2 protein chains.
Amino acid sequence: MKATIYDVAKQAGVSIATVSKVINQTGRISEETRAKVNRIMQELNYQPSVVASALTGKQTFTLGLLLPDLANPFFAEIARSVEDRAHELGFSVMICSTDNNLLREERNISLLKQKSVDGIIIATGVRNDAILKDLKKQNFPVALIARDMPSLAIDTVLVDDFIGGHMAASHLIEQGHRQIAVIAEDTLVMSSKERIRGYRFALEEAGIAYIPELVRISDFKVTDAKQVAGEMLDSSQPPTAIFACNDLLATGVIQAVRERGLSVPGDLSIVGFDNTLLATIVDPPLTTVAQPIQEMGQKVVDLIIRIINDKNSTKQRIVMLPELVIRSSVSRPGEYRNK
Amino acid sequence: MKATIYDVAKQAGVSIATVSKVINQTGRISEETRAKVNRIMQELNYQPSVVASALTGKQTFTLGLLLPDLANPFFAEIARSVEDRAHELGFSVMICSTDNNLLREERNISLLKQKSVDGIIIATGVRNDAILKDLKKQNFPVALIARDMPSLAIDTVLVDDFIGGHMAASHLIEQGHRQIAVIAEDTLVMSSKERIRGYRFALEEAGIAYIPELVRISDFKVTDAKQVAGEMLDSSQPPTAIFACNDLLATGVIQAVRERGLSVPGDLSIVGFDNTLLATIVDPPLTTVAQPIQEMGQKVVDLIIRIINDKNSTKQRIVMLPELVIRSSVSRPGEYRNK
DNA sequence: GTGAAAGCGCTAACAG
DNA sequence: CTGTTAGCGCTTTCAC
C-alpha cells in the first residue's frame with residue numbers, strides 16, 4: 001500500500017502534525033527533525049495525497065479547461081499554452097471538449113465542480129450567460145479566454161477582434177479588393193460579431209457598400225467552410241477575396257477554390273484568423289490575423305490563479321492586439337487571373 | 001457554502017447514511033424516502049464531493065493522459081478521442097504534454113499519482129521502461145496507446161507499425177521508386193523502429209539495396225523535418241521519394257521541396273503516417289498510412305477502465321491494422337519532372 | 001518545538 | 001428499511 005503520513009510519523013518517531021508541518025513548511029520545526037522527516041519521506045517514497053489535503057479545505061491544484069474541440073489546432077494550441085503555464089505553477093488541467101454544445105458544457109462544468117477543481121477556464125463560444133452568471137453568483141473562479149462576455153464582470157483575456165477584423169479587411173481593400181466576403185463560424189458569438197464589425201468599419205472607411213449576402217455563416221468544420229465558399233464561388237458575382245474568421249475555415253476555402261481548378265490568390269485572395277500551425281502548412285501559406293496564443297494562455301492562468309488566491313481580487317479584462325501576418329494568400333484582384 | 005451530505009440529511013430528516021445510500025443506489029431504501037431525499041438534493045443543488053468520496057477508497061473517476069505535445073494534431077486527435085470515450089464512461093481526463101522529456105514525464109506521473117487518478121494512459125515515446133516498470137510493480141493501472149513496450153506486460157493499443165512501414169514503402173516501390181528515403185522522429189522508439197523495419201523489408205522484397213544514409217532522424221518539429229529533407233534534396237543523389245514517419249514531418253518535407261522551387265509529387269513523392277487533419281489540408285493532399293485514431297482512443301480507455309475495475313484482469317495487446325490512404329503526393333519518379 | 005485532537009465530506013460495516 | 005459509528009489522509013488550532 002502507499003505510504004501515508006502516519007507511516008512517515010511512525011518511522012521518524014514524531015507525530016503526524018510534525019510531518020504535516022515539514023511538508024507544508026509551516027510552524028517551527030527544528031532543523032534536526034526536519035531533516036529526519038525529510039529523509040524518511042524519501043526512504044518511504046512518500047507522496048502526500050492531494051485528495052486528502054483537498055478535503056481539509058486546501059486546493060486541489062487542478063484547473064478545468066472548457067473548449068469547443070481539441071482537434072481544432074487553435075484550441076489545441078490554447079490548451080497547450082494553458083497547460084504549460086499551469087504546470088509551471090503546480091497546477092494540472094482537466095480538458096473538456098464541448099463541441100459548442102450547451103448541454104455538454106453544463107454537464108462538464110458540474111462535473112468539474114464535483115471534482116473540486118480550483119477554477120475553470122472557458123474558451124467555448126456558446127452564448128451561455130446563464131451558466132456564467134451562475135458560476136459568478138457562487139463566486140466560483142472563472143476566466144474566459146478568446147471569448148468575450150462584456151455584460152458580466154469576469155476575468156478575460158482576448159484579442160481585440162474588432163481591430164483584427166478591421167486589419168483583415170483593410171489589408172484586402174488596400175490590395176484593391178471590393179468584393180470581400182466573410183465566412184464566420186457563428187455570428188452570435190461576440191468575437192465573430194466584433195470581427196465582422198471591424199470588417200464593416202473598414203468597408204465603410206473605404207466607401208465600399210456593405211452587402212449582407214457577402215457575410216456567411218458556416219459550421220465549424222473544414223468541410224462546412226468549403227461548402228459555403230463553394231457556393232459563393234459558384235454565384236454569378238463571386239467575391240474576389242474572402243476573410244475567413246479562423247484558419248481552419250480558411251483551409252476549407254482554399255480547398256473549395258482548388259476544387260474548381262482556380263487558384264489562391266490568383267482567383268481568390270484569402271485572409272484567415274488565429275495564425276495557427278495550419279497557416280504555415282497550407283499552400284499557399286496563409287495571410288492571417290495572429291492571436292498571441294502563447295501569451296494569452298499564460299495570462300488566463302495567471303488571472304485565474306490570482307482569483308483563486310483572492311476571490312475578491314478585482315476583475316481584469318486583458319485585451320491584446322492582433323497582428324497581421326502577411327504570407328502568400330493575398331494578391332491584387334485579378335492579378336494572376338490568366339487561366 | 002456548498003451543500004454537504006449533512007445538509008441534505010438534516011433537511012430530509014434522515015441520516016447521512018441514508019442519503020449516501022440513495023446517492024450510490026446501494027442498500028435498500030423505501031421508495032418514499034428515496035424520493036424525498038432526491039427532491040431535497042435537487043432543491044439544495046447538492047453535488048456529492050468526488051474528493052471526499054475518493055478519500056474513502058473509491059475512485060476519482062479521473063484518468064491521466066501523457067502525450068508528447070498537444071499541439072501536434074496527431075496527439076490532439078488522440079486526446080480528443082480518449083476524452084470522448086472517457087466522458088461517456090463518466091471519467092475526466094488530465095492531459096500532460098511532456099515534449100518527450102523524461103524528467104517531465106516522471107514529474108507528471110508522480111503528480112498524477114498524488115492526485116489519485118485512477119489510471120494513466122501513456123502516449124509518449126521516450127524509452128522509459130524504468131518508469132513503466134515502476135508503475136507496473138506498484139500495480140498501478142497503465143495503458144499504452146500508439147506506442148509499444150513489448151518487453152513489459154502492459155495493456156496496449158497500437159497500429160501494426162511494421163505493416164504500416166511496409167505499406168508506405170511498397171506503395172512507393174510499386175510506383176517505381178528505388179531511391180526511397182525515410183525521415184523518422186526517433187529511431188529508438190519502438191514504433192519508429194518498426195516502421196523502418198517494415199520499410200527495409202519492403203526494400204528487400206523488391207531486391208532494392210538498403211542504404212543507411214537514406215534513413216534520417218529529425219526532431220519532432222516541422223522545421224526540423226524541413227531541414228533534414230532539405231539536406232537530402234541538396235545532396236548529390238537526392239531520393240525520388242520520402243517516407244515521413246508522421247504527417248507533421250511530411251508537411252516539413254513538402255515545404256522543403258517547395259522552397260527549392262520543386263514540386264510534389266513531380267520531383268519528390270511523399271508518404272506520411274497517421275492520417276491526421278493535416279494530410280487533407282496540405283497541398284498536395286498527402287498519401288499517408290492511416291491509424292484508426294478514434295477507435296484506438298476508445299479502446300485504450302476501455303482497456304484501462306477494465307484494469308481499474310479488476311486489477312488482475314489479463315493484459316491485452318490490441319494491434320490494429322493501418323490502412324494506406326492514397327491521395328496525391330505520390331507519382332512515378334520523374335513523371336512530371338519537366339521544369 | 002512538538003503533539004493531541006477535532007474535523008473536512010463521504011462510505012461501509014454493523015446494529016437495530 | 002434506517003441510523004450509528006469508525007475511519008479515509010491530512011490540516012490546524014491549541015495545549016504543553
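What's counted below: heavy atoms across the whole structure, side chains too, no hydrogens, waters or symmetry copies. Just so you know, these numbers come straight off a predicted model, no measurement behind them.
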Undergrad: Would you mind reading off the distance between B:Asp7 atom CG and C:dC10 atom C1', rounded to a whole angstrom?
TA: 13 Å
Undergrad: If you compare all heavy atoms of A:Ala153 against all heavy atoms of A:Lys136, which two are closest, and at what distance to 0.1 Å?
TA: O-NZ, 3.1 Å
Undergrad: Quick one: do the B:Thr60 and B:Asp118 side chains pair a donor with an acceptor below 3.5 Å?
TA: yes
Undergrad: Heavy atoms under 4.0 Å, any strand shown: does B:Ser53 hit a base, just sugar-phosphate, or nothing?
TA: sugar-phosphate
Undergrad: Just by distance, no angles: are the side chains of A:Thr276 and A:Glu77 close enough, under 3.5 Å, to form a donor-acceptor pair?
TA: no
Undergrad: Output the single nucleotide from C:dT11, D:dC10, D:dT12 whose closest atom is nearest the side chain of B:Thr56.
TA: C:dT11
Undergrad: Whole angstroms only, please: what is the NZ-C1' distance between B:Lys10 and C:dG9?
TA: 14 Å
Undergrad: Rounded to the nearest Å, what distance is computed from the NZ atom of residue A:Lys2 to the P atom of nucleotide D:dC8?
TA: 15 Å
Undergrad: Between B:Arg104, B:Arg107, B:Lys221, which is the residue that forms a salt bridge (charged side-chain N to carboxylate O under 4.0 Å, His left out) with B:Asp99?
TA: B:Arg104
Undergrad: How long is the straight-line distance from OG1 of B:Thr124 back to CG of B:Leu66, given to the nearest 0.5 Å?
TA: 5.0 Å
Undergrad: Checking side-chain polar atoms at under 3.5 Å, does B:Lys115 have a donor or acceptor matched by the opposite partner on B:Thr62?
TA: no
Undergrad: Please report the distance, rounded to the nearest Å, between CG in B:Leu55 and P in C:dG7.
TA: 17 Å
Undergrad: Starting at CD of B:Glu31 and ending at P of D:dT2, how long is that distance when rounded to a whole Å?
TA: 10 Å
Undergrad: Axis-to-axis angle across the helix from C:dG1-D:dC16 to C:dG16-D:dC1, five pairs an end, to 10 degrees?
TA: 40°
Undergrad: Please state how far atom CD1 in B:Ile5 lies from atom C1' in C:dA12, giving the value in whole angstrom units.
TA: 12 Å
Undergrad: Would you tell me if any nitrogen or oxygen in the side chain of A:Ser49 comes within less than 4.0 Å of OP1 or OP2 on D:dC10?
TA: no
Undergrad: Find every protein N or O atom lying less than 3.5 Å from an N or O atom of nucleotides 2-4 of chain C, and list the pairs.
TA:
from, atom 1, to, atom 2, distance (Å)
C:dT2, OP1, A:Ser30, OG, 3.3
C:dT2, OP2, A:Ser30, N, 3.0
C:dT2, OP2, A:Thr33, OG1, 2.8
C:dG3, OP2, A:Ser15, N, 3.0
C:dG3, OP2, A:Ser15, OG, 3.4
C:dG3, OP2, A:Thr18, OG1, 2.6
C:dG3, N7, A:Lys21, NZ, 3.4
C:dG3, O6, A:Lys21, NZ, 2.6

Undergrad: Assess whether one donor atom and one acceptor atom, taken from the side chain of A:Tyr6 and the base of D:dC10, lie less than 3.5 Å apart.
TA: yes
Undergrad: Answer yes or no: is there a side-chain heavy-atom contact under 4.5 Å between A:Tyr6 and A:Val19?
TA: no
Undergrad: Quick one: ring pair (Phe, Tyr, Trp, His ring centres under 6.0 Å) pairs with a partner in residues 77-124 of chain B, sequence neighbours left out?
TA: B:Phe61-B:Phe91
Undergrad: To the nearest angstrom, how far is B:Tyr46 atom OH from C:dC10 atom C1'?
TA: 7 Å
Undergrad: Between D:dC10 atom P and A:Ile23 atom CD1, what is the distance in whole Å?
TA: 7 Å
Undergrad: Less than 3.5 Å apart, any donor N or O on the side chain of B:Gln291 or B:Asp274 sitting next to an acceptor on the other?
TA: yes
